[in-house]
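All of these numbers come straight from a predicted model, not from anything done at the bench. Throughout, numbering of the chain's residues begins at 1 and tracks the sequence.
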Amino acid sequence: MLGCAALQPALELFPIPMLSVKREFELAGTRFTVQSNFEANNGSNRMKRHCWMLRLDWHPASSTTIQGFSAQDSVAVKYSKGFALSEDCKAVASAVAELPSDILQPRICRFCDNLPVKLKFDSLKISQIFGTKAKRVPPLPPSSYLRAAKLIGSKDVVTIVPGHWIDPGVEVGALGEREFNLEVANMLEKQLRGNGWEVLRPDRDAPLLSWEEYLNWVSKQTLKGIPVVEIHGQGSSADYRGLVLGVIGDDRAPLTKELALKFGYFQMDWRELGVPRRGGVIIESFNADEVLQMAPWHRKWAVRRLSNRIVSSIERASRQNRVARGIYADLELESDLLHIDED
C-alpha cells in the first residue's frame, strides 16, 4: 500500500519559496492527483498569504479536470473543460465554486437552505497553431522498410525513443509508464554508447516535434537502415487480449525477431500503428502497475534488466553487418546486479 500511495516530494523554484509534495494514482479507471504546497510566509504580507494548500485533481475524461483545493478561509472546486474550436485552435474554459472553510460547523449547517456558495467564471484559455502544419507523408510499401531493416549494423547508429514523450497530447500512457519509459531509454543510451553506437534521441534533441513530423522522420531513418525502437509499458487496465508484454513490428525484420525472443509478440496487427508501418518497432516491455509497487532498488534493477535484454537483441540482430565491418560485440548479457554507487 505504501509503495502505491506514498507521496513523492518535488522541489521547484518560485519567487516565494515553496515545497510541493505530489502523488498521482488511478482509481476506478480515472486519474487523480493529490498535491500539497507548503509556502513560506512573506514577511511584508504575512497576514494575507496562507502558507499551505491541499489540492485534489480528478480527470474523469481526457478533456475534463475537476480540481478541489483550499484557499484562504475557503474551499474551492474548479471545473475545467477542454474543447476544439477548429482543427488548429483549442480552448479550455474554467469555472469555480467557493465555500467557507468552516462550512461543516454547526452554526453554518443551521442555514443549509442558504449556503454561502460563490460561483464565478474563472478563465478561458485559447491556443492557436499559427503557420503551416506538417503533413503526414504516407508510408511506403512494407517491402521497402523490410529491405532497409536488414541493413541494421551497416552503420553504428540506432534511435531510442521513450514512449509518450513526443507530442503526447492527452496520450500519456498508463500511470507511471511515461517516467519509466524515460529511465529505460536513458539506460539503453548509456549501454549502447558503451558498445560504440551513436544513439539518436528525438525526444530530447527535438522536443517540439509534432507527431506528423516525427512519423515522417521515422520513415527517413528506417529507410537508411537506422532502427527506431520505441519503449513502452502497459497497465492492467489497458491489456490487449489479456497481454501486457510483446513486440509490435514486422515479424520478418531481424531486430523484431530478436526482440520477440525476449518479449514475445504483442497480439495486434503492427500495420495498425504509425511507427511500425514506417519500419520502426514498439516494445511493450513492462507492466506499469508492477513498477508503481517497486522499491527504489528494485526499480533500478528492473531498468537495468530491461536494458540488457534490448541491447542484447540489437547486438544479435546487427551482428552479421557489424562483423563484416570488423566490429565484434559481446553478445552475452551484462549482469543484472546493480553496483552500490550506480546512478
Side-chain angles (χ1 to χ4, degrees), residues 1-11 19-29 31-36 160-165 168 172-195 199 201 203-204 229-240 242-248 258-266 281-315 330-343:
M1 178 65 182
L2 186 61
C4 184
L7 295 177
Q8 297 175 335
L11 180 62
L19 174 66
S20 178
V21 181
K22 181 172 67 174
R23 181 65 180 178
E24 295 183 353
F25 61 96
E26 191 167 325
L27 183 64
R31 192 183 301 270
F32 293 85
T33 301
V34 178
Q35 179 172 328
S36 181
I160 302 297
V161 184
H164 305 292
W165 282 88
V172 295
L175 187 64
E177 178 202 346
R178 188 170 183 262
E179 294 75 15
F180 199 72
N181 291 340
L182 183 61
E183 292 177 38
V184 174
N186 289 340
M187 177 61 75
L188 271 171
E189 179 180 12
K190 178 180 178 181
Q191 290 186 287
L192 287 167
R193 288 189 183 279
N195 287 0
V199 180
R201 290 287 301 275
D203 60 294
R204 181 187 59 210
V229 180
E230 272 198 14
I231 309 301
H232 284 264
Q234 289 214 7
S236 58
S237 61
D239 289 0
Y240 187 84
L243 299 176
V244 173
L245 306 183
V247 179
I248 307 172
E258 290 293 340
L259 287 168
L261 294 175
K262 306 288 186 182
F263 299 96
Y265 287 105
F266 198 80
V281 60
I282 294 173
I283 314 174
E284 298 288 356
S285 57
F286 60 91
N287 186 326
D289 294 343
E290 294 177 356
V291 168
L292 291 174
Q293 303 288 344
M294 290 179 180
W297 69 266
H298 191 183
R299 188 181 180 102
K300 288 184 179 181
W301 175 85
V303 168
R304 166 61 72 86
R305 183 170 182 269
L306 273 178
S307 182
N308 285 346
R309 297 168 76 187
I310 298 171
V311 168
S312 175
S313 298
I314 292 173
E315 294 294 356
D330 185 3
L331 300 182
E332 296 299 323
L333 287 174
E334 289 186 41
S335 170
D336 290 336
L337 295 177
L338 290 169
H339 300 293
I340 294 177
D341 60 347
E342 184 174 348
D343 292 333

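Between S313 and K262, the closest heavy-atom pair is OG-CG, 3.4 Å. Minimum heavy-atom separation, V184 to V303: CA-CG1, 4.0 Å. Between L245 and F286, the shortest heavy-atom contact is CD2-N, 3.2 Å. Residues H164 and R178 approach most closely at O-NE, 2.6 Å, considering heavy atoms.
Atom CG in L192 sits 5.5 Å away from atom CD1 in I160 (nearest 0.5 Å). If you take CD1 on I283 and CG on L306, they are separated by 8.5 Å, rounding to the nearest 0.5 Å. Atom CG of L175 is separated from atom CZ of F180 by 13.5 Å, given to the nearest 0.5 angstrom. To the nearest 0.5 Å, atoms NZ (K300) and CZ (R304) are separated by 11.0 Å. Within the model, atoms CG of L292 and CG of N287 stand 9.0 Å from one another, a figure rounded to the nearest 0.5 Å.
Applying the side chain to side chain donor-acceptor pair (under 3.5 Å) test to E183 and every residue at least two apart in sequence or in another chain returns R299. For the side chain to side chain donor-acceptor pair (under 3.5 Å) test, residues two or more places apart in sequence or in another chain that qualify with R201 are N186, E189, D203. By the side chain to side chain donor-acceptor pair (under 3.5 Å) test, S307 pairs with Q191, sequence neighbours left out.
No donor-acceptor distance shorter than 3.5 angstrom exists from the side chain of E230 to the backbone of V161, with no hydrogens or angles considered.
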Note to self: Would F263 and R309 count as a side-chain contact (heavy atoms from CB on, under 4.5 Å) here? Give the steps.
What the structure shows: CA-CA 9 Å; F263 299 96; R309 297 168 76 187; 4.0 Å; yes
Margin query: One pair to check against side-chain contact (heavy atoms from CB on, under 4.5 Å): F266 and H232. What are the steps and the verdict?
Written below: CA-CA 12 Å; F266 198 80; H232 284 264; over 6 Å; no
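Using a 4.5 Å cut-off on side-chain heavy atoms (C-beta onward), I231 and I310 make contact. N308 has its side chain out of reach of R305: every pair of non-hydrogen atoms, C-beta onward, lies at least 4.5 Å apart.
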